[in-house]
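Here is the structure we will look at, set down as C-alpha cells.
Note that the numbering runs from 1 along the sequence shown for the chain.
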Amino acid sequence: MMLEKIKKVGDIKNINPGEYQELAQEIREFLIEKISKTGGHLGSNLGAVELTMALHLFLDLPKDKLIWDVGHQSYTHKLLTGRREGFENLRKFGGMSGFPKRKESDCDCFDTGHSSTSISAGLGLVKARDIQGENNTVVSVIGDGSLTGGMAYEALNNAAKLDTNFIIVLNDNNMSISENVGGVSKYLNNVRTSNAYLDIKEGVYNTLKDTPRGGKVVESIRKAKSSFKHLVVPGMLFEDIGLTYLGPVDGHNIAEILRVLQEAKRIRKAVMVHVITEKGRGYGPAERHPARFHGAEPFDIETGLPSKPRTTANYTDIFSTVMTKLGARDEKVIAITAAMPDGTGLKRFRNMYPDRFFDVGIAEEHAVTFAAGLAAGGLRPVVAIYSSFLQRAYDQILHDVCIQNLPVVFAIDRAGLVGSDGETHQGIFDLSYLSSIPGMHIMAPKNKWELSDMMKFALANEVPIAVRYPRGEAYAGLREFRTPIKMGKAEMIYCEDEICLLAVGSMVKKAEIVREKLKEAGYGCSIINARFVKPIDEQAICDAAKGHRLLVTMEENVASGGYGEKVRDVLDQSGSQSRLLRIAIPDEYVEHGNVEMLEKEIGIDPQTVIGLIKKEMEGLR
C-alpha cells in the first residue's frame, strides 16, 4: 500500500509521481472507512485530496506554513504528516481533533475551526517571517464558501499592499469555469508569471519611471493591460484589489497544481491560486448529497445512510416545525441564516416561503445587522445561528439591535456542549456574552413544548430576545408542566424543602435525575425552571432562599457571567445568608469528545452533582 509508506511529514516526496493517483485513491478509501465509524467531515476532505498532496509536495513543512481555513478539509494533511494511527480515535475525548491543532503537530501552524480566518492568519505569519528575516513560504487555503465572510476581504485588502510573496489558494468546489476562458487564462498565466516576463516587466517599468512623463506612460500601459484582462481573464476581482490571480486550475491534477504553485512562488506579492475541486469526490453518496456529508454521523459505506438513524425529533426539528407554522400565521415573519439552512432547520421555511428566507452566507455580522434593518422596517426577523458562531456578531447584537431595542429574535442552536467538534464549536459562552448587553432578553426551554411556546412568545414581544436550545434529542418529559410564559418569570416545577435546584434549559432534565436520587437519600428537593436568564426572576430566587437550606444553580455555560453568578448577585443584594452551590462549566475551553464523557470530565453530570450536593448538605448539619 502507498499509504503505509507515509510515516512522517515529507514522506510523500519519496513517492514516484506515477503512483500519486494510487495514493490518492488509498487516501479516499481510508477516509471513507474511518469516518464511517467515527463520523466527521467527509465531503470536504474527499474533495481536497489531490490539492493537499500537491501542497505537501510543494512545501517544506514544518518550516513552511500551511493554514487551513475552518480546517474541515485537513484530514489528508493529518495523514501526510504521520498521524494515520490517530484516526482510530478521531474526534473522541483524548484523541485526535477533527481540526488543525498546534499542540497536536508542528505542521499545524494555526488552530482553526471557524471560517474566513486563514488569510488574516497567513498575512500575520508572512509579516512575522519578513520582520524576523526568514525565508519560508506561507500558504493560506480558503474555500469559496468562506469568501462570503467579510473578514476574508478585510484581509485581502491588507494583503494587496504586500511587496513579498504570500500564496492564497482558493479551493472552489462550486463555481464552474468555461473551457475557452480557462484556456486563455492558462496561457496568460504561463506568460506573465515566467521569470523572463517578470524580469522584463520590472525592467521596463523601472526604466520608464526614471524618464520625463514616464509615470504616466506606465499608468497607461497598466490600464490597457487591465482592460484586456477584464475581457478574457477570470478573477479580475482579485486583480483589481491588487493581487495576482492564477487559475482556474484542475484541483484533481497534481502536476498542474504544482506547476501553478511554483509560478506563484516567484511573484513578490500576494497571489490568489484558484483551484476547482469536487466536494465528495470518489464516493457516490457524498457527491450526490454534499450537505449530508459535510459533518456526517457514522454511516453505512454501501448506502451512505446513517448507521443509527434518528427515531425521535431533535430541537432543530422542533424549531423547524414551529417556524413554518409561525410563517403561515404572520407574513411579517422572516427567517435568516448564515450558510446553515439545513443545520438550523430552516430548509422547510425556505421551501414554503422563499421570499421571506435569506441565507446571507458565512457572514454572521451581516446577518444580524441585516435583521436589524428588517426589524426597523416593520418586519419580524428570526436569526438562526449556532451559539459558537453567533459570538462573531457580538458588536452587531449590541450596537445595531439592542441599543435601538429592535425586535429581533435570535434562535441559538447548539447551545451548550456539542461534543466531537471541540473547543471552537462548544456553545458554552452565549449566556455570558449575551447577558452582558443591556436590553437583551434570554430564554432557555426545558423541553420541546417549551421551545415552541418560547418562539411564539418571542415573536409576540417587541424587544430583542434570544432563545437558546441544545443539540440533540428534544426532551419530551415534564409535559404536564406548561404554565404560560411571562416576561422574566421562572416556573416552579416541584416545591418541597431543604434543597432547591434552579436549572436553565437542558439542565432541567438533569435536575429531575438529581432530585430523584436526593429524595431516595431522604432529602426534600424542589426544582425551579429558570426559563429566563435575563431578566432574571429575583422574586423566585429570594423566595427559594427563604424556604430552602441550599440553593443549587445548574447551567450548561461557563461559570463566569453565567446564571449562577447572577443568582449570587441577587442573594448578596437581598442580604440572604443562604448557601449557594453553582454547577457550571469551568472557565476553560472544552475539547472534543462524547458529550456524556465531557459532562463527567467537567463535573456537570448528575452523579457528580449529587455528590457535590450531599457534601454541601453534610456541611450544613
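No side-chain N or O of T76 forms a donor-acceptor pair with one of N45 less than 3.5 Å apart. Between the side chains of R129 and T164, at least one donor N or O lies within less than 3.5 Å of an accepting N or O. Side-chain contact of D359 with T337: a donor-acceptor pair under 3.5 Å is absent, judged by distance alone.
Distance CG/L147 to OG/S116: 7.5 Å, rounded to 0.5 Å. Note that CG of N171 and CD of Q73 are 6.5 Å apart. Values are rounded to the nearest 0.5 Å.
I437 is listed as a side-chain neighbour of Y394, based on a closest heavy-atom distance under 4.5 Å. Considering only heavy atoms from C-beta on, R414 stays 4.5 Å or farther from Y469 through its side chain. The shortest side-chain heavy-atom distance between I167 and V169 falls under the 4.5 Å cut-off.
Shown are E364, H72, R392; of these, the side chain to side chain contact (heavy atoms under 4.5 Å, CB included) with S115 is made only by R392. Looking at K101, K65, R83 one by one, the single match for salt bridge (Lys or Arg N to Asp or Glu O under 4.0 Å) with D108 turns out to be R83.
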Original post:
Can M440 and I397 be said to form a side-chain contact (heavy atoms from CB on, under 4.5 Å), step by step?
Top reply: CA-CA 9 Å; M440 176 55 76; I397 298 169; 3.5 Å; yes

Subject >> Audit row: L434, F410, side-chain contact (heavy atoms from CB on, under 4.5 Å) steps and yes/no >> reply: CA-CA 11 Å; L434 288 175; F410 296 95; 5.9 Å; no

Original post:
Going through the checks in order, is the side-chain contact (heavy atoms from CB on, under 4.5 Å) test met by L46 and K279?
Top reply: CA-CA 7 Å; L46 292 179; K279 199 167 187 178; over 6 Å; no

Original post:
Passes side-chain contact (heavy atoms from CB on, under 4.5 Å), F87 versus L79? Steps please.
Top reply: CA-CA 9 Å; F87 280 84; L79 274 174; 3.8 Å; yes

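Taking both residues in full, the closest heavy atoms of D430 and A415 are given as OD2-CB, 3.9 Å, listed atom of the first, atom of the second, then distance. Of all heavy-atom pairs between I257 and G251, the closest is CD1-O, 3.5 Å. Annotation for A152 and I119: closest pair O-CD1, 4.2 Å, computed over non-hydrogen atoms.
Below 30°, between 30° and 60°, or above 60°: for H114 and F389 the angle between ring planes is above 60°, a perpendicular geometry.
Here the two rings, on H41 and F99, have centers that are under 6.0 Å apart.
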